[in-house]
Asks: 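The structure is given below, and queries will be raised subsequently.
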Amino acid sequence: MHKTSDIFTARNMFVFSLILAGAILALLAPKAAVNVDEMLHYPHAKKVVNWYYTGGEDASCLDTPVDNLKYYGQSVDNFTALFNRIFSVDNEFLTRHFTGAFFFWLLLLAAGLLGKELSGSYWVSALVVLSLMVTPRLFGQAFGNLKDIPFATGYLAGVLFIIRFLKELPQPKWKTAILLGLSIAFTCSVRIGGLILFAYLGLGLLAILFVKPFLLKYFISTKSCFVRLAGQITVIAVTGYFIGLLFWPFALQDVWHHPLESLSMMEHYKVSIKQIFEGSVNWSTQLPWKYLPHWFWIATPEFVLLGLIYFIAFLTYMFTKLFDEQLFLELFVFFTLVFPVVYVIVIGSNLYSGIRQMLFVVPVMVVLASLGFYKMIRSQKNRGRKIPYLLLFFGLMLLPMVHQAKTFPVDYVYFNHVNGGNKKAWSNFEYDYYFHGMKEATDYLLDEIGDENVIVAMNCQLPNYFEKIPNVSFQYTRYLERSSSDWDYALFGVNYIHPWQLKHDTWQPAKIKKVFYHMGNPLVVLLERGEKDDLWGIEALKSGNWDEGEKILQKAFEDEPNNVWICVNLANLKLAQGKFAEVDKWLQKGRAIHPFYEPLYLIEAQKLYDQGSYPESMAVLNQLIEVNPRYASAGPLLRKVKEKLSINQN
């Protein structure tokens with residue numbers, strides 16, 4: 001009969017934590033939400049698979065001028081498309097979510113093993129698994145994010161096997177070398193940024209010579225050892241680079257130049273996206289340097305921050321033992337956490353959606369935080385003195401755990417309590433940028449609709465929720481321009497609604513049927529349209545029935561006084577009629593709803609131009625450019641105003 005102490009060993013607890021995590025992931029995968037990126041990347045993955053099936057004849061996967069998808073290896077996305085095609089899977093996104101869960105489980109395994117390499121204890125491994133499971137920003141993307149999570153898995157596996165390779169010097173095992181090469185290959189197959197692991201390996205080999213200077217002499221004097229090491233490094237290089245390109249059509253067109261072209265594109269992504277940061281709207285290409293550090297500060301769970309403080313404190317103390325191998329290993333892993341963050345800040349990379357693009361360093365942070373906590377407990381010789389530290393650390397762990405239990409599948413939207421939590425973050429930072437909140441809302445709406453034939457509008461591209469519902473048609477529309485679209489019901493996420501409107505309660509439509517909340521914050525609103533006066537009024541204006549259209553829209557505005565789009569259409573009508581005083585009236589009403597709405601500036605600038613007030617028109621256009629420097633609709637008028645001002649000056 002086994003003793004209890006034999007069952008509850010550190011290794012067994014690590015294994016148990018992995019089994020439990022696997023069961024939780026398998027249970028939650030069918031309940032996960034589809035995110036908007038899946039609706040972009042999965043169709044591309046199908047094109048990639050078809051490129052292979054047709055022997056390259058269908059080259060549509062190489063023609064992606066708008067979304068740049070050809071630059072992504074996205075091997076995991078491609079695998080799901082291949083699997084679904086071979087087995088004719090009906091629920092394609094379920095395959096994706098189980099696949100995402102599997103790679104997150106592999107991430108837990110790699111992270112746990114890295115914790116063991118650094119600490120020598122499987123207790124740290126078990127703690128790492130638990131910590132990652134209750135890190136919402138990471139766990140919340142385990143199912144639908146088939147780029148950032150698999151990339152993080154490969155990145156962490158690469159760091160793990162680099163550590164093993166260095167520890168096994170002067171005679172690393174061939175198994176370690178092959179696994180390292182495959183880890184790099186997989187990471188590069190997802191995103192070419194995995195090439196950084198080659199740099200880490202080179203840096204580690206150079207740095208280890210300072211810790212173990214005898215190695216250099218050993219390599220030079222021992223021919224067999226030198227040849228073995230050279231062979232292993234060659235295998236790592238060839239495997240890591242070329243195997244990583246096998247499932248990436250764009251890279252296969254030119255295996256030397258295209259991966260580097262992709263890397264350059266990734267470092268300076270050209271697509272700029274509107275972001276809410278510190279209560280203001282910014283374009284992602286113009287965000288301040290502190291964007292990423294600030295996001296890490298507000299989105300990292302408190303227990304991870306505390307553990308990281310512990311780790312840094314012990315790391316600082318270890319500097320009294322220079323050239324110590326343990327110090328070297330911990331510094332190396334710490335470098336893999338800090339360097340990518342510093343690098344993207346220094347080169348001014350285009351970052352958006354919080355920490356999503358740097359999600360791969362979060363597991364490293366959690367490993368080091370777990371190691372820091374373990375060291376703090378080990379440093380307390382008296383058992384009674386360990387208890388307060390245990391209570392504090394695991395007590396803080398309950399905060400994200402409760403959040404996850406309450407909010408799944410929107411649990412990735414997490415802000416720590418140190419910075420005021422989700423309540424303070426709402427309307428000040430990007431919230432549900434993946435639109436996970438649409439899952440609960442669509443489930444509710446479908447129950448309400450029943451067999452009724454309806455058109456459902458959304459301000460996000462998630463038609464998948466209605467694809468197999470024959471009586472429901474999907475309509476995409478911008479939230480503020482919703483009156484120009486034909487729909488019966490609408491689901492609008494609050495993401496991308498201007499923070500001024502959110503803070504001043506001018507964003508709420510009059511026909512709200514239900515509000516879906518997240519930690520007390522509005523997340524999605526369900527509208528039931530009823531009469532479509534706003535749509536008929538706009539259609540009447542377009543067809544030239546100005547008097548009828550104006551009458552209908554004025555009545556619609558009385559019913560929905562927060563509809564700024566009605567103000568825009570009526571202001572445009574009065575501009576066309578040359579009734580400038582009435583233009584000002586509708587502009588004033590519109591600005592009371594949304595003072596930063598670009599069409600209002602453009603209409604005012606056009607009115608001033610029509611009145612011959614060119615300097616004043618230019619001043620308003622400058623205000624518009626300050627609000628939105630990328631507002632393309634202002635271009636034609638801006639050129640005309642500049643021509644008039646130039647003529648007047650001459």
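Only this structure's heavy atoms are used, side chains among them; waters, hydrogens and symmetry mates stay out.
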Asks: So which atom in Leu195 and which in Leu263 form the shortest heavy-atom distance, rounded to 0.1 Å?
Replies: CD1-CD2, 4.4 Å
Asks: So is Arg378 actually on top of Phe314's ring, under 6.0 Å and inside 45° of the axis?
Replies: no
Asks: For the backbone of Lys173 and the side chain of Glu168, can you confirm whether one donor and one acceptor N or O come within less than 3.5 Å of each other?
Replies: yes
Asks: On the 0 to 90° scale, with breaks at 30° and 60°, tag the Trp105-Phe102 ring pair as parallel, tilted or perpendicular.
Replies: parallel
Asks: Can you tell me how far CG of Leu201 sits from CD1 of Ile162, rounded to the nearest 0.5 angstrom?
Replies: 5.5 Å
Asks: Is there a donor-acceptor contact under 3.5 Å linking the side chains of Gln275 and Tyr433?
Replies: no
Asks: Between the side chains of Tyr42 and Asp37, does any donor sit under 3.5 Å from an acceptor?
Replies: no
Asks: Please work out whether the ring planes of His41 and Tyr72 are parallel, tilted or perpendicular, with thresholds of 30° and 60°.
Replies: perpendicular
Asks: Please list all pairs meeting salt bridge (charged side-chain N to carboxylate O under 4.0 Å, His left out) that have one or both residues in residues 193-212, counting only residues at least two apart or in different chains.
Replies: Lys212-Glu325
Asks: Does a salt bridge link Lys70 with Glu261, judged by any charged N lying under 4.0 Å from a carboxylate O?
Replies: no
Asks: Angle class for the Tyr122/Phe14 ring planes (parallel below 30°, perpendicular above 60°, tilted otherwise)?
Replies: parallel
Asks: How are the rings of Tyr71 and Phe250 set to each other: parallel, tilted or perpendicular (split at 30° and 60°)?
Replies: perpendicular
Asks: Walk me through whether Asn12 and Thr9 qualify under side chain to side chain donor-acceptor pair (under 3.5 Å).
Replies: CA-CA 5 Å; Asn12 286 347; Thr9 64; 3.2 Å; yes
Asks: Can you label the angle between the Tyr412 ring and the Tyr434 ring as parallel, tilted or perpendicular, going by 30° and 60°?
Replies: tilted
Asks: What is the ring orientation for His403 with His518, classed by angle as parallel under 30°, tilted 30 to 60°, or perpendicular over 60°?
Replies: perpendicular
Asks: Just by distance, with hydrogens left out, do Asn50 and Arg85 show a side-chain donor and acceptor under 3.5 Å apart?
Replies: yes
Asks: If only atom types and distance count, is the side chain of Tyr310 paired as donor or acceptor with the main-chain N or O of Ile377 below 3.5 Å?
Replies: no
Asks: Verify, without hydrogens or angle tests, whether Ser119 (side chain) and Ser121 (backbone) share a donor-acceptor contact under 3.5 angstrom.
Replies: yes
Asks: Does NZ or CZ of Arg137 come closer than 6.0 Å to the centre of the six-membered ring of Tyr414, within 45° of the ring's axis?
Replies: no
Asks: Just jot down the ring pair (Phe, Tyr, Trp, His ring centres under 6.0 Å) partners of Phe83, sequence neighbours excluded, or say none.
Replies: Phe87
Asks: What pair of heavy atoms forms the shortest contact from His436 to Val34, and how long is it?
Replies: CD2-O, 4.5 Å
Asks: Looking just at side-chain N and O atoms, do Gln74 and His44 make a donor-acceptor pair shorter than 3.5 Å?
Replies: no
Asks: May I ask you to decide whether Arg96 forms a salt bridge with Asp77, counting only side-chain N to carboxylate O separations under 4.0 Å?
Replies: yes
Asks: Kindly say whether Gly194 contributes a backbone atom to a donor-acceptor pair with the side chain of Thr187 at under 3.5 angstrom?
Replies: no
Asks: Name the one of Leu359, Leu106, Val190, Thr99 that satisfies side chain to side chain contact (heavy atoms under 4.5 Å, CB included) with Ile149?
Replies: Leu359
Asks: Are Trp51 and Phe247 an aromatic pair, judged by ring center distance below 6.0 Å?
Replies: no
Asks: Indicate the ring-plane relationship of Phe339 and Tyr200, choosing parallel, tilted or perpendicular according to the 30° and 60° boundaries.
Replies: perpendicular
